[in-house]
Amino acid sequence: MKVMKFGGTSVGSVEGITSIKRIVESAPKPVIVVVSALSGITDQLYNVAAMAAAGDENYLAEYKAMLHRHVDMIPQVIDDTMIQAQTIDTIKELFTDLSNILRGVFLIRDSSPKITNTIVSYGEALSSVILSKALKGAEHADAREFIKTIHQFGKHVVDFDQTNHLIKERFAQLSNVTVCGGFIASETQTNFITNLGRGGSDHTASILAAALGADVLEIWTDVDGFMTADPRIISNTYVIEKLSFSEAMELCNFGAKVIYPPNIFPIFHKKIPVVIKKT
Ligand code: ADP
Ligand code: ASP
Ligand code: MG
């Protein structure tokens with residue numbers, strides 16, 4: 001079994017989703033697909049929450065842009081017209097809930113961390129539903145049901161006892177393809193929605209791979225692998241064929257953000273290899 005994680009850079013466009021379909025459909029099964037929000041959506045959600053809390057009515061235009069971006073993509077990535085219509089309905093329902101929450105934030109001019117966490121969770125809630133419908137025969141899993149956090153020293157940290165137990169229960173029967181949103185979680189005690197911090201989808205994927213003893217964790221992104229430097233900044237970079245966890249850690253201290261080693265700590269413990277691939 002393998003876990004395949006597709007970052008925001010891979011799900012930002014119709015072409016990206018089409019590539020994901022090709023990659024997942026040709027992979028040996030079973031697979032668990034962990035997906036981030038569409039590129040830029042998490043930033044946009046933090047932004048609309050702040051705008052609504054500040055009483056800025058323009059939050060509505062931002063909200064509508066996000067709604068259209070998701071809905072417009074559906075007919076282009078889902079062939080079956082019935083599934084298209086069902087998916088559009090589901091996505092619109094999620095957006096109606098989001099709009100109600102934002103309206104509340106706008107009226108009371110306040111967005112607590114609890115509300116902001118709920119608002120930003122829509123990014124992965126939406127992308128994972130769309131991808132699960134775009135991939136034929138795929139099942140959808142809601143990460144908020146099994147990735148559990150506790151509040152410690154002002155941060156939401158993974159409650160590994162609960163999380164590992166719930167993952168084993170949820171995935172006792174593995175479908176050929178299961179799609180799950182990364183990043184999003186919920187608190188053990190209260191079930192309030194939380195998250196694993198920015199870039200946290202890698203963490204979700206690693207937690208799942210470790211709990212289920214995956215053969216490999218594949219991180220699909222927009223670069224060919226772990227490189228000697230960020231190719232967006234340095235031109236003559238090249239891919240490092242193989243590196244240890246501690247070597248990856250050192251490069252990350254110098255800004256290599258392709259993966260953040262603490263996020264993949266669970267698989268390091270289980271000696272599960274990570275492969276970085278370009279979507
Ligand atoms: P995703 O949305 O797939 O999670 P990220 O933006 O988090 O993607 O990570 C991929 C980006 O990491 C690349 O586009 C690249 O610019 C950047 N990056 C920084 N340092 C490195 C490095 N050493 N090797 C590869 N990519 C790097
Ligand atoms: N969508 C989240 C973020 O932008 C998580 C992730 O992409 O890994 O930080
Ligand atoms: Mg990332």
Side-chain angles (χ1 to χ4, degrees), residues 2-27 31-47 66 69 73 76-77 120 123-124 127-128 130-131 134 179-183 195-209 214-268 271-279:
K2 65 177 172 180
V3 176
M4 309 170 87
K5 179 260 173 176
F6 293 89
T9 49
S10 308
V11 276
S13 62
V14 170
E15 295 72 41
I17 297 196
T18 310
S19 299
I20 298 178
K21 280 167 77 170
R22 186 174 34 79
I23 292 161
V24 173
E25 277 161 13
S26 63
V31 295
I32 297 179
V33 175
V34 175
V35 67
S36 295
L38 307 197
S39 61
I41 288 291
T42 307
D43 287 338
Q44 228 172 333
L45 286 164
Y46 275 113
N47 195 32
M66 286 191 285
R69 183 165 167 211
M73 151 182 279
Q76 301 180 71
V77 298
V120 298
E124 273 74 8
S127 64
S128 60
I130 297 177
L131 190 61
V179 180
C180 156
F183 176 65
N195 61 62
L196 304 180
R198 298 309 305 268
S201 296
D202 293 345
H203 203 178
T204 308
S206 162
I207 294 166
L208 280 163
D215 301 313
V216 61
L217 166 60
E218 292 180 354
I219 305 279
W220 289 83
T221 181
D222 64 347
V223 282
D224 285 318
F226 211 119
M227 308 180 88
T228 50
D230 187 339
R232 287 190 212 186
I233 300 169
I234 309 286
S235 60
N236 57 343
T237 54
Y238 55 90
V239 171
I240 304 167
E241 280 303 316
K242 205 170 182 172
L243 74 169
S244 70
F245 185 85
S246 356
E247 286 163 340
M249 189 78 142
E250 277 184 43
L251 278 171
C252 282
N253 287 334
F254 294 106
K257 73 152 203 167
V258 64
I259 45 167
Y260 178 55
N263 274 353
I264 52 157
F265 207 60
I267 53 158
F268 167 61
K271 297 198 180 342
I272 297 171
V274 186
V275 180
I276 297 169
K277 295 191 174 195
K278 188 173 186 169
T279 308

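In what follows, every heavy atom counts, from backbone to side chain, and hydrogens, waters and symmetry copies are set aside.
- Between atom OG1 of residue Thr228 and atom CG of residue Leu251 there is a gap of 8.5 Å, rounded to the nearest 0.5 Å.
- Ile234 pairs by the side chain to side chain contact (heavy atoms under 4.5 Å, CB included) definition with Ala229, Asn236, Thr237, not counting sequence neighbours.
- Other residues, nucleotides and ligands place more than 12 heavy atoms under 6.0 Å from the CZ atom of Phe245.
- Counting heavy atoms from C-beta on, the side chains of Val223 and Lys278 never come closer than 4.5 Å.
- Of the inter-residue distances, the one linking His203 atom NE2 with Asn195 atom CG reads 12.0 Å to the nearest 0.5 angstrom.
- With respect to Thr221, the side chain to side chain contact (heavy atoms under 4.5 Å, CB included) criterion is satisfied by exactly one of Thr279, Ile259, Ile276: Ile276.
- The side-chain heavy atoms of Phe6 and Ile23, taken from C-beta on, include a pair separated by under 4.5 Å.
- Between the side chain of Arg69 and the backbone N or O of Gly12 there is at least one donor-acceptor pair closer than 3.5 Å.
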Show the numbers, then the answer: is there a salt bridge (charged side-chain N to carboxylate O under 4.0 Å, His left out) between Lys257 and Asp202?
-> CA-CA 11 Å; Lys257 73 152 203 167; Asp202 293 345; over 6 Å; no
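- The line from OG of Ser201 to CD1 of Ile219 is 9.0 Å long, rounded to the nearest 0.5 Å.
- Using a 4.0 Å cut-off between a side-chain N of Lys or Arg and a carboxylate O of Asp or Glu, Glu218 and Lys2 qualify as a salt bridge.
- A salt bridge links Asp222 with Arg232: the closest approach of a Lys/Arg side-chain nitrogen to an acidic carboxylate oxygen falls below 4.0 angstrom.
- Between the CD1 atom of Ile17 and the OG atom of Ser10 there is a distance of 10.0 Å, given to the nearest 0.5 Å.
- Among residues two or more places apart in sequence or in another chain, the side chain to side chain contact (heavy atoms under 4.5 Å, CB included) test is passed with Ala209 by Val3, Ala214, Leu217, Ile267.
- Heavy-atom minimum distance, Met4 versus Val31: SD-CG1, 3.9 Å.
- Closest approach of Ser36 and Gly7 over heavy atoms only: OG-CA, 3.6 Å.
- When every heavy atom of Val120 is checked against every heavy atom of Leu45, the shortest pair comes out as O-CD1, 3.7 Å.
- Minimum heavy-atom separation, Ala256 to Phe226: CB-CE2, 3.7 Å.
- Nearest heavy atom pair, residue Ala37 against residue Thr42, reads CB-OG1, 3.6 Å.
- Residues Arg198 and Phe183 approach most closely at N-CE1, 4.2 Å, considering heavy atoms.
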Side chain to side chain contact (heavy atoms under 4.5 Å, CB included) assessment of Leu208 paired with Cys180 | CA-CA 10 Å; Leu208 280 163; Cys180 156; 4.1 Å; yes
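- Using a distance-only test at 3.5 Å, with no hydrogens or angles considered, no donor-acceptor pair links the side chain of Lys5 to the main chain of Gly182.
- For Val239, the side chain to side chain contact (heavy atoms under 4.5 Å, CB included) partners two or more places apart in sequence, or in a different chain, are Asp224, Met227.
- Listed by chain and residue number, Leu243, Ser244 satisfy the side chain to side chain contact (heavy atoms under 4.5 Å, CB included) test with Glu247 (two or more places apart in sequence, or in another chain).
- To the nearest 0.5 Å, atoms CZ (Phe265) and CE (Met249) are separated by 7.0 Å.
- To the nearest 0.5 Å, atoms CH2 (Trp220) and OG (Ser19) are separated by 9.5 Å.
- Contacts of Tyr46 classified as ring pair (Phe, Tyr, Trp, His ring centres under 6.0 Å), with partners at least two apart in sequence or in another chain: none.
- When the side chain to side chain donor-acceptor pair (under 3.5 Å) test is applied to Thr204, no partner is found at least two apart in sequence or on another chain.
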